[in-house]
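Before any comments, here is the structure.
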Amino acid sequence: MTTPPAGSHEWCVIGRTPDDSLGGVRGMGSMLAVVDLDGDRVRIGSHRLGADELPDFVRERESQGRPRWVFSDAPNWCPALLSAGVRIERCHDLRLSHAILMRSESVRDGGAVAAAEEWDADPVSAPAAPEAEALFDVTERRSRIKQVPHDIDSALAEFDRQSAALASAADPGRLRLLLAAESAGGLVAAEMQAAGVPWDVEEHDRILAEELGPRPAGDAKPEKMLAVAEQVRTALDDPRANLDSHVKLLHSLHAAGINVASTSKWELQESEHPAIAPLLEYKKQARLLSANGWAWLDEWVDEGRYRPVYVPGGVVTGRWAASGGGALQIPRQLRPALRADPGWRLVSADVAQLEPRALAAMAGDRAMAEAGRGRDLYSGLVDEGIVATRQEAKIAVLGAMYGSTTGDSGRLVPRLRASFPAAMSLVDSAAEVGSNGGVVSTWLGRTSPVPGEGWSRVQRAANRFDATSADENRARRAAGDQGRFTRNFVVQGTAAEWALAWLADLRLRLARLPAVDLPTVEGEPGTTSATASGPVFSRQAHLVFFLHDEVIVHSPAQHAEAAAAAIREAAASAGKLLFGNAPVDFPLELTISERAEKD
DNA sequence: ATCTAAAGCGCG
DNA sequence: AAAGCGCGCTTTAGAT
């Protein structure tokens, strides 16, 4: 195998060979084109690799010059590299970048990217542990999902289109930063899935038993739930009340003289009736059982690791989404089941009030930045006499970012307008653009989607001479909805960019921490042994969880302080990278423990 | 029999 | 209280 020349501005585009049956191994052939981006793109050479050669090749190149690897789609390439013990430092993810570039209003010459529709595809999760019997299902499912092309020529062509689009951007620097951060996020997601969240199955089971009773056989209801259900039926004097069907339950409630329009808990809480308390308890139990009960444990936790499927860029604002496993909805109640391996620690950190801080930074609102500096931003509003209580501050700030107009929130938002004119004018303008059908962009240039045809039709209908008041109301409501969406888009999206920059930087800092020796395995191989994290992460601090504004790092105990420092430094560095010397800080709540706190 | 919509609740 | 943004998941009920 010839090794291509190393260079500091080098990109390696990875793709499948056109003849992927080469050597009798279908789908395993790989090709690399090594590209030098100094000046015009020059194809230095391409290299055909055999079935098992890619990981070694990547490892070798990584140790020499750290190129930026160009992937069609990180989930397609990362799992094999990680399971072979290979990590990369930087990449450019064509699928994620395509989604940003095709919409970005900063790009002046994006037609070619937008026209390459095959790159506008669904994210595909990497297959979990390849279990023989499930393989058919996985293959079957994946074949129905629209995937990006993984062959080398398609990847090179798309890479060219993206490079041209980027070069035409109004602010290529910011957009380049966004693409790098987004791509790094793709790597983090793949790595977190490979590592898994250390999960204490016994603790989870203990929590379930405490709330629901011991695990029932088959799909019977747990005994504590049955008992609570009986209390409800007795209180309703309706021995056959069905608590699982909203419609039937509503009938039973009405029959018992409880006048509610729905069975939602905030409405039930309003009523005074002996059935309400046990009913709310039952609903809580039912939720826990169906969402995160024993079935969830069986399906998603294996060998002491919870492996959810993250979807970077899955939300239009740039936030991550999840697909399967409910990674973004793990109830606080179950957080204690998240537990470090023996000799390891969990280092958890979250940013207090990330979104308003991102807004203050973006708007250059010095007064708002000052209100939050080094302290709880909501308390800052109280200290500065803008509102009376922390609760009011929270309602006002959320109301400002979400565009609420009624109730307490509507009453309090005007005070912010007086105190923080720059921040408020930014979100107010974003709302106005959206309500008129326009698009808005985040700090780094992620652009909101154009409202759909249905939206425009509603607006047109309201402008016709024969428009009814119903038409006008519908149009006004739709315009308001879109305005609130774009208002929030700039804030949520910019906060997501800060979080990506934080993650990207943290990932590299953690990779530079020292590795530890593997614990000697005595007797039975422990099911929660650190080796469950795979060859790359079993000896080194690594990210295991990310949720919009919080991270959890799993670290050898002796490096936990260093990991904590890395988290803080990465946060400071993210603020600088995005906002330069803007007077906004992003303070962290950080804890080192063996177990995640219940909160 | 299988798909979709809506309700409801978990997370930020 | 709900409101005002963004999601995923489970369940039931209704449509195909």
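Proteins get letters first, then strands, A, B, ... in listed order; numbering begins at 1 in each.
- Rounding to whole angstrom units, OH of residue A/Tyr306 and C1' of B/dC11 are separated by 11 Å.
- The side chain of A/Ser262 contributes an N or O atom lying less than 4.0 Å from OP1 or OP2 of B/dG8.
- Residue A/Lys394 contributes atom NZ, which lies 17 Å from atom P of C/dA3 at whole-angstrom precision.
- Heavy-atom nearest nucleotides on DNA chain C were determined for A/Phe485 and for A/Ser409, and the one closer to the 5' end corresponds to A/Ser409.
- Put simply, the side chain of A/Leu179 does not reach to within 4.5 Å of the side chain of A/Leu96, judged on heavy atoms.
- Between the side chains of A/Ser264 and A/Ser262, a donor-acceptor pair is found at a separation under 3.5 Å.
- Counting only distance, with no hydrogens or angles, the side chain of A/Trp296 and the backbone of A/Val301 share no donor-acceptor pair below 3.5 Å.
- When the C1' atom of B/dG12 is taken as reference, atom CZ of A/Arg357 falls 16 Å away, rounded to whole Å.
- Using a 4.0 Å heavy-atom distance criterion, A/Glu270 is classed as a sugar-phosphate-only contact.
- Note on A/Leu354: nothing from the nucleic acid sits closer than 4.0 angstrom, heavy atoms only.
- Applying the 4.0 Å criterion to OP1 and OP2 of C/dC5, one finds that A/Thr317 has every side-chain N and O outside that range.
- Distance A/Ile330 CD1 to B/dG10 P: 13 Å, rounded to the nearest Å.
- Judged purely by distance below 3.5 Å, without hydrogens or angles, the side chains of A/Ser448 and A/Thr486 never pair a donor atom with an acceptor atom.
- In A/Glu453, the CD atom is crowded: over 12 heavy atoms of neighbouring residues, nucleotides or ligands sit closer than 6.0 Å.
- Checking C/dC5, C/dA3, B/dG8 against the side-chain heavy atoms of A/Thr406 singles out C/dA3 as nearest.
- The distance between atom CG of A/Leu243 and atom P of B/dA7, rounded to the nearest whole Å, is 20 Å.
- The distance between atom CD of A/Gln482 and atom P of C/dG6, rounded to the nearest whole Å, is 9 Å.
- A straight line from OH of A/Tyr310 to C1' of B/dC11 spans 12 Å, rounded to a whole angstrom.
- Side-chain atoms of A/Asp244 and A/Tyr282 include a donor-acceptor pair closer than 3.5 Å.
- For the residue pair A/Asp481/A/Trp455, the side-chain donor-acceptor check at 3.5 Å is not satisfied.
- Within the 4.0 angstrom heavy-atom criterion, only backbone atoms of the sugar-phosphate kind lie near A/Arg484; the bases stay farther away.
- Rounding to whole angstrom units, CG of residue A/Leu416 and C1' of C/dG4 are separated by 14 Å.
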TODO: Could you encode protein contacts along nucleotides 8-16 of chain C as a string, one character per nucleotide from 5' to 3', using B for base contact, S for sugar-phosphate-only contact and - for no contact, with a heavy-atom cut-off of under 4.0 Å?
DONE: BSSSSS---
Task: Pairing pattern in dot-bracket form [Watson-Crick, G-U; both distances under 3.5 Å; | = partner strand] for DNA chain C - done: ....||||||||||||
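- One can find a donor-acceptor pair under 3.5 Å joining the base of B/dG12 and the side-chain atoms of A/Arg319.
- With no hydrogens or angles considered, a side-chain donor-acceptor pair links A/Glu105 and A/Ser441 at under 3.5 Å.
- Using a 4.0 Å heavy-atom cutoff across all strands shown, A/Lys283 reaches sugar-phosphate atoms only and no base atom.
- Across every non-hydrogen atom of A/Ala430 and A/Arg487, the tightest pair is CB-CA, 4.0 Å.
- No donor-acceptor contact under 3.5 angstrom links the side chains of A/Asp122 and A/Gln147, judged on distance only.
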